[in-house]
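Working notes, structure below.
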Amino acid sequence: MQLQVMNSPFNKEQAELLNLLLPTLTEFQKVWLSGYLAASAAELSAEGTEQAISQEVTILYGSQTGNAQRLAENVGKMLDEHGFQMTVSSMSDFKPNNLKKVQNLLIVVSTHGEGAPPDNALSFHEFLHGIRAPKLNELRFSVLALGDSSYEFFCQTGKEFDQRLNELGGTRLYPRVDCDIDYDELAAEWMEGIIDSLRESTGQSAAPAIAAVTQESETTYSRTNPFKAVVLENINLNGRGSNKETHHIELSLEGSGFTYESGDSLGVYPENDPVLVDMLLEEMKWDPEEIVTINKQGDVHSLKEALLSYFEITVLTKPLLQQATQLSVNEDLRTLLSPGNEEKLKAYLKGRDLLDLVRDFGSWGKTAQEFISILRKMPARLYSIASSLSANPDEVHVTIGAVRYDAHGRKRKGVCSTLCAERLQPGDMLPVFIQRNPNFKLLKNPDTSIIMIGPGTGIAPFRSFLQEREEIGARGKSWLFFGDQHFVTDFLYQTEWQKWLKDGVLSKMDVAFSRDTEEKVYVQHRMVEHSKELFEWLQEGAAIYICGDEKNMAHDVHNTIISIIEKEGGMSREKAEDYLAYMQQQKRYQRDVY
């Protein structure tokens with residue numbers, strides 16, 4: 001009986017050829033052909049596996065305050081929904097030696113302070129820029145950089161990662177995108193470009209447009225839809241005669257649905273000083289009641305309301321001045337921005353605001369609508385939360401120091417801090433949201449001892465820590481280093497620390513009041529005085545937390561800790577640095593610095 005090829009996937013001509021061939025084959029030839037076809041099928045299957053591997057995507061994030069992490073996780077969810085196999089990881093948790101195995105890499109990273117990587121990106125950044133970094137000729141990558149254009153080194157860390165991955169042989173899957181503080185639209189465009197590029201490379205059709213990477217329901221309160229919290233208390237913590245004014249503010253979260261953990265931050269959207277707004281309106285001879293459009297969605301408000309609540313008018317940036325040249329005929333402004341004048345530009349930007357700009361470079365001749373179109377959206381201010389939710393249900397507390405100074409012949413005021421100090425009363429409302437900070441958290445084991453270092457308003461999260469530890473009955477030891485100017489007027493939350501010391505919630509406290517002695521004494525000096533005991537705590541497994549000014553205090557405290565480890569541990573400087581780096585990997589060295 002002869003086999004006939006019928007009802008097959010072959011066309012008529014192919015079927016006829018097979019029907020002619022098959023009867024002529026010997027048994028050996030049929031076995032050989034069967035093996036040949038099986039091998040071909042296996043090869044095709046292997047090619048399918050290779051395609052699946054190419055759909056694996058690794059997202060690494062470097063995040064100080066949580067924004068980059070949140071974006072990275074949202075991007076991961078979207079790619080997962082599009083059928084890609086996702087790995088999302090902090091740079092500090094990723095093993096650098098695995099980089100050679102990665103084919104598709106997405107970097108989401110912020111820039112911290114004056115162009116530095118976030119704490120959890122330091123080790124990966126160092127590896128990638130070191131001699132151990134491998135050739136990455138098979139890598140496809142893209143970088144989403146977060147930053148603030150009011151800083152000189154805008155998105156510097158993202159730029160460095162992008163350049164270095166390219167130098168190592170990687171190919172850009174999609175061009176780097178640099179985001180300012182209002183990053184939602186640009187992040188969505190980057191995400192759409194990434195998905196289209198990945199789908200194209202795997203032979204898939206283009207994906208539908210992405211509205212936003214931060215998809216949130218209109219009924220959910222968030223950074224893009226803040227909750228109007230009622231002010232319950234507003235208390236000046238400093239005594240009479242202090243050089244400082246530090247306000248303890250309690251807000252109701254009832255009805256918000258917000259939850260938070262100790263170590264998280266509260267985002268606040270403030271209003272500009274009405275006096276400054278009036279001065280700007282008068283200088284430009286604008287009608288305060290003129291209706292203007294404030295965003296791409298077409299929302300409208302009076303010009304005065306727009307300047308009060310929606311736009312930043314107290315900070316000048318290079319991008320703002322560059323856009324201003326399109327509105328002004330003043331040649332001095334163009335000269336200031338010309339190559340070779342970088343230092344003059346940097347000096348001009350420092351301490352000046354929008355009123356200075358319009359006064360210094362007049363002849364604008366543009367409408368109010370044209371002018372506000374170049375302004376940045378009002379950025380939220382982040383404050384370390386000073387309360388525990390379990391100890392204060394439906395409430396959140398923050399500690400805010402008023403910022404006031406003189407510059408360029410005028411008195412200057414911090415936007416949010418002086419709103420809280422001068423105009424905010426109980427019963428008023430503040431638009432707020434919760435900013436998660438997974439990089440500044442109490443360890444899960446409540447028996448872990450903690451060392452807290454927080455001068456000035458840096459004390460805020462440690463009030464939250466101790467409230468939380470009191471609530472859960474944590475048995476680990478706790479040691480607080482606090483510093484400010486004067487004992488009598490500036491000992492923030494003094495009675496609470498004393499009560500916790502008495503009750504054993506706080507094991508030990510050392511203070512440094514710099515203006516009470518002839519020679520200034522800071523928290524790092526107190527740490528050196530107790531270096532032996534401090535190192536013993538570290539050897540026993542204690543975790544260190546630092547909160548406050550990065551440029552001076554945190555930098556000095558960091559070096560002091562390394563010196564203490566070097567001295568008391570009998571180590572070289574390099575070994576001491578490795579010791580602290582290992583603590584950081586274990587989450588036993590955490591910083592909330594700004």
Side-chain angles (χ1 to χ4, degrees), residues 231-252 260-266 268 382-393 395-403 417 420-421 424 426 437 440 442 450-472 474 477-516 521-523 526-527 544-549 553-554 557 592-594:
V231 178
L232 303 174
E233 293 281 358
N234 187 349
I235 302 166
N236 183 2
L237 296 176
N238 296 101
R240 187 176 299 173
S242 174
N243 297 322
K244 296 188 173 185
E245 188 177 348
T246 309
H247 283 251
H248 170 79
I249 297 172
E250 301 182 359
L251 301 164
S252 171
Y260 62 85
E261 297 179 345
S262 296
D264 287 341
S265 297
L266 185 75
V268 179
L382 295 179
Y383 297 100
S384 302
I385 291 175
S387 55
S388 158
L389 187 60
S390 55
N392 303 273
E395 289 186 16
V396 63
H397 305 169
V398 287
T399 312
I400 302 176
V403 176
S417 66
C420 295
L424 197 68
N437 188 355
F440 198 72
L442 285 168
I450 60 174
I451 299 169
M452 303 164 285
I453 304 158
T457 55
I459 200 72
F462 303 134
R463 181 177 184 265
S464 171
F465 279 17
L466 289 191
Q467 283 187 357
E468 183 69 19
R469 284 167 70 92
E470 183 176 36
E471 284 294 309
I472 65 176
K477 297 183 293 183
S478 56
W479 189 351
L480 176 66
F481 289 89
F482 171 71
D484 215 312
Q485 292 187 353
H486 298 285
F487 173 86
V488 174
T489 59
D490 305 322
F491 198 163
L492 307 182
Y493 301 115
Q494 179 182 0
T495 56
E496 295 187 37
W497 306 124
Q498 289 174 331
K499 180 180 182 301
W500 277 324
L501 278 168
K502 181 181 177 182
D503 295 344
V505 177
L506 179 61
S507 309
K508 186 176 175 65
M509 184 173 189
D510 285 282
V511 296
F513 294 99
S514 60
R515 308 293 172 85
D516 283 347
V521 178
Y522 299 111
V523 287
R526 297 297 185 221
M527 293 167 64
I544 297 181
Y545 298 88
I546 302 171
C547 182
D549 163 59
M553 181 279 297
V557 166
D592 180 13
V593 295
Y594 38 84

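Every value quoted in this text rests on a predicted model; they were computed, and no experiment measured them. Along the sequence shown, the residues carry numbers beginning at 1.
The CZ atom of Phe465 sits 9.0 Å away from atom OG of Ser384, with the distance rounded to the nearest 0.5 Å. Rounding to the nearest 0.5 angstrom, the gap separating the OG atom in Ser242 from the CG atom in Asp490 is 3.5 Å. To the nearest 0.5 Å, atom CH2 of residue Trp500 and atom OG1 of residue Thr495 are 9.5 Å apart. One distance of note links CG of Asn238 with NE2 of His247; it measures 8.0 Å at 0.5 Å rounding. Considering SG of Cys420 and CG of Asn234, their distance stands at 6.5 Å, rounded to 0.5 Å. The line from NZ of Lys244 to CG of Asn236 is 12.5 Å long, rounded to the nearest 0.5 Å.
Side-chain atoms of Thr457 and Ile400, non-hydrogen and from C-beta on, never get closer than 4.5 Å to each other. Two residues are said to be in side-chain contact when any heavy atoms from C-beta on lie closer than 4.5 Å; Met452 and Ile450 meet this criterion. Using a 4.5 Å cut-off on side-chain heavy atoms (C-beta onward), Leu389 and Val396 make no contact. At a threshold of 4.5 Å between non-hydrogen side-chain atoms, the residues Thr489 and Arg240 do not count as touching. Using a 4.5 Å cut-off on side-chain heavy atoms (C-beta onward), Trp479 and Ser507 make no contact. Annotation: side chain of Lys499 is not in contact with side chain of Gln494 (no heavy-atom distance under 4.5 Å). The side-chain heavy atoms of Leu480 and Leu506, taken from C-beta on, include a pair separated by under 4.5 Å. You'll find the side chain of Ser478 reaches within 4.5 Å of the side chain of Leu466, heavy atoms only.
A donor-acceptor pair under 3.5 Å is formed between the side chain of Gln467 and the backbone N or O of Ser388. Using a distance-only test at 3.5 Å, with no hydrogens or angles considered, a donor-acceptor pair links the side chain of Trp497 to the main chain of Leu492. Judged purely by atom type and a 3.5 angstrom limit, Arg515 has no side-chain atom pairing as donor or acceptor with the backbone of His486. Although no hydrogens or angles enter the test, the distance criterion places no donor-acceptor pair under 3.5 Å between the side chain of Ser417 and the main chain of Ala402. Using modelled atom types, one side-chain atom of Asp516 and one backbone atom of Phe487 make a donor-acceptor pair closer than 3.5 Å. Asp592 places no side-chain N or O within donor-acceptor distance of the main-chain N or O of Gly263, the cut-off being under 3.5 Å.
When all heavy atoms of Lys477 and Arg469 are compared, the pair lying nearest together is O-NH2, 3.4 Å. The two residues Arg526 and Ala512 make their nearest non-hydrogen contact at CG-CB, 3.9 Å. The minimum heavy-atom distance linking Phe482 with Gly454 is given by the pair CD1-O, 3.2 Å. In terms of heavy-atom proximity, Ala554 sits nearest to Val593 at CB-CG1, 3.6 Å. Considering all non-hydrogen atoms of both residues, Leu501 and Lys508 come closest at CD2-N, 3.9 Å.
Taking the six-membered ring for Trp and the full ring otherwise, the centers of Tyr383 and Tyr594 sit at least 6.0 Å from each other. If you look at Phe513 and Phe491, their ring centroids are closer than 6.0 Å.
Residues forming a salt bridge (Lys or Arg N to Asp or Glu O under 4.0 Å) with Glu496 (at least two apart in sequence, or on another chain): Arg463.
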| field | Leu251 and Leu266: CA distance, side-chain angles, deciding distance, side chain to side chain contact (heavy atoms under 4.5 Å, CB included) verdict | value | CA-CA 10 Å; Leu251 301 164; Leu266 185 75; 3.6 Å; yes
| request: Start with the C-alpha distance between Phe481 and Tyr522, add both sets of side-chain angles, then the distance that settles ring pair (Phe, Tyr, Trp, His ring centres under 6.0 Å), and finish with yes or no. | output: CA-CA 10 Å; Phe481 289 89; Tyr522 299 111; over 10 Å; no
| said: If you apply the rule side chain to side chain contact (heavy atoms under 4.5 Å, CB included), what do you find for Tyr493 with Ile459, and how did you get there? | reply: CA-CA 9 Å; Tyr493 301 115; Ile459 200 72; 4.0 Å; yes
| said: Checking Glu468 against Leu442 for the side chain to side chain contact (heavy atoms under 4.5 Å, CB included) test, could you report, in this order, the C-alpha distance in whole Å, the side-chain angles of both residues, the deciding distance, and whether it holds? | reply: CA-CA 9 Å; Glu468 183 69 19; Leu442 285 168; 4.2 Å; yes
| field | Stepwise side chain to side chain contact (heavy atoms under 4.5 Å, CB included) test for Ile249 and Leu424 | value | CA-CA 10 Å; Ile249 297 172; Leu424 197 68; 4.1 Å; yes
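In the model, Ser265 has no side-chain atom that pairs as donor or acceptor with a side-chain atom of Asn437 under 3.5 Å.
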